[in-house]
Colleague: 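Below you'll find the structure I mean.
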Amino acid sequence: MKKKKPIKKKPFLPPMSLSYEGTQASKTGTWRYLTPTYLNKLAPCNEACPAGEDVEAAMVLAGQEDYLGAWEKITQENPLPRVCGRVCFHPCEGACNRQEFDQATSINALERFVGDHAFQSGKRFTPPQEKKKEKVAIIGSGPAGLSCAYHLASMGYGVTLFEALPELGGVLRYGIPAYRLPKKVLEEEIDNILSLGVEVKTGARVGQDVKWGELKKFDAVFVAAGAWKSVPLKVPGEEAQGVMSGLDFLQKANSGQTVDLGQRVAVIGGGNTAMDAARSALRLGAKPLIIYRRTKEEMPAWEEEVAETGEENLEFIFLSSPVKIITENGKVKGVECIKNLLGPVGKDGRREPRPIEGSNFTLPVDAVISAIGETPDFSFLPEELRKSAGALPVDETGATALQRVFAGGDIVAQPRTVSYAIGSGKKAAIAIDATLRGKNVAEALRSAHWGEKGSLSIALYKKGGADGVAPEVVKFSDLNPDYFKRQERKPKETLPVFQRPTGFSEVNLGLSPATALYEAKRCFNCGVCNLCHNCFMFCPDLAITARPDKQGYQINYDYCKGCCICVEECPRGAISVEVKK
Ligand code: FAD
C-alpha cells in the first residue's frame, strides 16, 4: 500500500497590501509633520569679519582650488586681501567652529594666499561701465579711505582722495613696517583700487593745503584722517633731543629716512606701535628695551606680534613706568623708571598699575621712543565738528553733525584695526550711495548686515538683503562632527629667526599651495551646502534630488515624510526644520 503523503502546510503570510504601481504611488509626504528645507545659514566667520567678507563662500571656493573665484568673493567686500592676509587680527578665526573640534582653520593665511595667487595670475578690478554724475571727497588714504574709494568708484561715483602725506596708505605705509607688510604688496593693491578711476591728491592736507570750504563742490565727504597725534608721556625731559613718538619714528623708518637712535633705545608702551617700533629699531642696528607698565598678559599688542617680538629676543621690563627722562646738554642720557604693582580693575577693564614708592631705578639709554597711544587731530575740521573729545561723533549710519559728511576708521570711536577701518569705509560708501540715491540710509545699512556684530556686506546691500539665507549663526552644536576628521592646523612658513634682524624682509612667508588647499579643505563650510550628497544618500523616501542647476538639492514634499534624517546627517547644518506641512 502506498504511503499517504503528509499534507504540506502553507507558510504563514500576514495579510498585506500589494501595489503594482511602484513607490511613486505612495505619497508619504501626507504623513509629514516636520518640514526640512535647504536654507544656508550664517557662518560665524562671516559675522565676525569686521571687513564684512563672505569668508565662508571664499573658503568653499578655495577648497575646490578655485582661488580666483575665492578672490572675487573676497574683493566684492574688501579690496585689500593681500594686506589683510598679512596684518589682520583675524577675528574670523576666533569665531571659527573648528576650534571646538581641533584648531581653527587658517583663514587669514588663506586670504593672503588667495590674494597673492590672484595677483600673480593677473586678476585686477574691472572699472564700472557707467559713471554717475555725483562726486565724493575722501580725506585720508588709510584702509578706511581706500575701502570707501574702492566701493564708491566701483559704483561709478567720481572719487577724489586727499592725502596729507606724499604717498597713499596711511598707517599701512607709514606705521606698519615692511617686515610685516612689504611696501610692494601695499602699492600693488592700492594701484588696483586707483585703476577704477580714483583721482588722487597727495601732499594735500585738508585744513591747510586744501580749505574745508573747497570741499563744498563735492556731493558728499568721507573723513578718514585716522589718529596720528601721539599721547605725551608727561614726564620731565620729554622735550630732549632723542625722544620721539612711536609713529614719528616709524614714519621716518618706513620712508627710508635715517634716524639717530644711538646704541640703546627705550621703547615705552605695550601696544602694536611699541612692538613695531622696537622691532624696527632692532633692524636699524639699535638695542631696544621695551618698558611696559603692566605685565605681559595685559599687553594690548596683538598676541602673534608679542610672540614674534619674543622670538627676536627683545628685552622687556614689565611693571615699570618712566618718571623722568635724564638728559645731558639737552640730549637723552637715560630714563628713570618706577616699579608698579597691579591694583584693582580700572574703567578700561584692566588692572590699574600702582607705583611702588621708593622703587625708582635708572636705565642708561641713548634714545626714547614713546608709544603709549595715539589720538585723532581735529584741528583741520570745521568748528561744528571740532568739539569732539577723543573721537569724532557719528550716528549709527556713520554720519557726522554736518549734512552729507560721514566719518570712519580710527577717527571715530571703534576698535582700531585695519579690518574695522575697511568695514567703516564700506559702511560710508553704502550710506553715501543711499543718501545720493534718495534711499533710507538706516534701512539700506540694515539690509547689508551679516548677523549681529556690525559686519556689513555690500553684496547684500546691492541685492536688497540676505535673500534665502537664514540669519541665525551656525554653532558647533548644529554641525555633525562625525563626518569630519581631526586634522592639525598647519603653521605658516617663516623667515629663520637669525635672519630677521639683518633687514626688513618679510617674516611670515605664508602657506605653500599644498598647505593652502589642505587648510581650505579643513573648513567645515558651516551652514552651507557644499554638495556632499549625504542628504541625498540617506533619504529613505527618495524625496531628495539634485537641483537642475546642480548647485544644490531639492526636496519633493509629495514624498518627504519629515523624518529629518537629512537634517541629522547634514554635516554642516545647512538644512532647517519647520513644524508645518
Ligand atoms: P590711517 O591709516 O591712520 O590713515 C589716515 C590717513 O589720513 C593718513 O594717511 C593721514 O596722513 C591722512 N590725513 C590725516 N589728516 C589729514 C588731512 N587733514 N588731510 C588729508 N589727509 C589727512 N591694525 C591691524 O589690524 N593690524 C596691525 O598689524 C596693525 N598694526 C599697527 C601698527 C601701528 C604702528 C599702528 C599705529 C596701528 C596699527 N594698526 C594695526 C591699527 C590700524 O593700522 C589702524 O586702525 C588703521 O590704519 C586705521 O585706518 P584709517 O584709514 O582710519 O587711518
Side-chain angles (χ1 to χ4, degrees), residues 50-51 80 83-91 108 137-149 160-177 179-181 186 190 200-212 214-215 221-231 245-251 253-254 267 269 271-280 300-306 308 369 371-382 391-392 407-425 428 508:
L80 299 165
V83 166
C84 284
R86 287 168 166 86
V87 304
C88 180
F89 299 136
H90 46 73
N108 184 239
I138 296 177
I139 305 171
S141 67
L146 288 171
S147 155
C148 187
T160 307
L161 204 46
F162 294 93
E163 171 52 57
L165 293 170
E167 292 185 85
L168 304 180
V171 171
L172 300 178
R173 180 184 295 274
Y174 292 104
I176 300 180
Y179 61 82
R180 290 209 290 127
L181 175 59
L186 174 65
I190 291 178
V200 171
K201 307 258 186 214
T202 44
R205 185 173 289 279
V206 173
Q208 198 175 298
D209 308 301
V210 181
K211 300 280 163 271
W212 184 267
E214 290 174 50
L215 303 182
V221 176
F222 178 51
V223 184
W228 282 65
K229 235 169 55 177
S230 293
V231 174
S245 80
L247 215 41
D248 273 355
F249 162 66
L250 286 169
Q251 194 178 331
N254 280 314
V267 179
N272 290 305
T273 311
M275 298 307 107
D276 285 340
R279 295 176 72 192
S280 296
W302 185 22
E303 215 181 294
E304 282 177 36
E305 232 206 314
V306 178
E308 283 174 14
I369 299 175
I372 59 167
E374 293 88 25
T375 55
D377 177 3
F378 300 119
S379 62
F380 73 96
L381 293 168
L392 181 56
D410 281 7
I411 200 168
V412 305
Q414 67 170 34
R416 289 195 182 160
T417 75
V418 172
S419 50
Y420 272 96
I422 288 170
S424 73
N508 282 314

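For ligands, and for the atoms within them, numbers begin at 1 and follow the listed sequence. Keep in mind that the numbers below use all heavy atoms, side chains included, and drop hydrogens, waters and symmetry copies.
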Colleague: About how many Å separate CG of L381 and CD1 of I411, when rounded to the nearest 0.5 Å?
Modeller: 5.5 Å
Colleague: Strictly by side chain to side chain donor-acceptor pair (under 3.5 Å), give each pair with a member in residues 203-212 just once, sequence neighbours left out.
Modeller: none
Colleague: Flag the pair E305 and R180 as a salt bridge only when some basic side-chain nitrogen lies within less than 4.0 angstrom of an acidic carboxylate oxygen.
Modeller: yes
Colleague: Find out whether L146 and L161 are in side-chain contact, i.e. whether some heavy atom of one side chain is under 4.5 Å from a heavy atom of the other.
Modeller: yes
Colleague: Pick one: which of V171, I369, T273 meets side chain to side chain contact (heavy atoms under 4.5 Å, CB included) with L250?
Modeller: T273
Colleague: Quick check for students: name every N or O atom pair between ligand 1 and the protein closer than 3.5 Å, with distances.
Modeller:
{"unit_1": "ligand 1", "atom_1": "2 (O)", "unit_2": "V171", "atom_2": "N", "d": "3.0"}
{"unit_1": "ligand 1", "atom_1": "3 (O)", "unit_2": "W228", "atom_2": "NE1", "d": "2.6"}
{"unit_1": "ligand 1", "atom_1": "9 (O)", "unit_2": "E163", "atom_2": "OE1", "d": "2.6"}
{"unit_1": "ligand 1", "atom_1": "9 (O)", "unit_2": "E163", "atom_2": "OE2", "d": "3.0"}
{"unit_1": "ligand 1", "atom_1": "11 (O)", "unit_2": "E163", "atom_2": "OE2", "d": "2.6"}
{"unit_1": "ligand 1", "atom_1": "18 (N)", "unit_2": "V206", "atom_2": "O", "d": "3.0"}
{"unit_1": "ligand 1", "atom_1": "19 (N)", "unit_2": "V206", "atom_2": "N", "d": "2.9"}
{"unit_1": "ligand 1", "atom_1": "21 (N)", "unit_2": "A164", "atom_2": "N", "d": "3.1"}
{"unit_1": "ligand 1", "atom_1": "23 (N)", "unit_2": "V418", "atom_2": "N", "d": "3.4"}
{"unit_1": "ligand 1", "atom_1": "25 (O)", "unit_2": "V418", "atom_2": "N", "d": "2.8"}
{"unit_1": "ligand 1", "atom_1": "26 (N)", "unit_2": "V87", "atom_2": "O", "d": "2.7"}
{"unit_1": "ligand 1", "atom_1": "28 (O)", "unit_2": "V87", "atom_2": "O", "d": "3.4"}
{"unit_1": "ligand 1", "atom_1": "28 (O)", "unit_2": "R180", "atom_2": "NH1", "d": "2.6"}
{"unit_1": "ligand 1", "atom_1": "28 (O)", "unit_2": "R180", "atom_2": "NH2", "d": "3.2"}
{"unit_1": "ligand 1", "atom_1": "30 (N)", "unit_2": "R180", "atom_2": "NH2", "d": "3.1"}
{"unit_1": "ligand 1", "atom_1": "45 (O)", "unit_2": "D410", "atom_2": "OD1", "d": "2.8"}
{"unit_1": "ligand 1", "atom_1": "45 (O)", "unit_2": "D410", "atom_2": "OD2", "d": "3.1"}
{"unit_1": "ligand 1", "atom_1": "45 (O)", "unit_2": "T417", "atom_2": "N", "d": "3.2"}
{"unit_1": "ligand 1", "atom_1": "51 (O)", "unit_2": "P143", "atom_2": "N", "d": "3.3"}
{"unit_1": "ligand 1", "atom_1": "51 (O)", "unit_2": "A144", "atom_2": "N", "d": "3.0"}
{"unit_1": "ligand 1", "atom_1": "52 (O)", "unit_2": "D410", "atom_2": "N", "d": "2.8"}

Colleague: Check whether any side-chain heavy atom of C88 lies under 4.5 Å from a side-chain heavy atom of V418, and answer yes or no.
Modeller: no
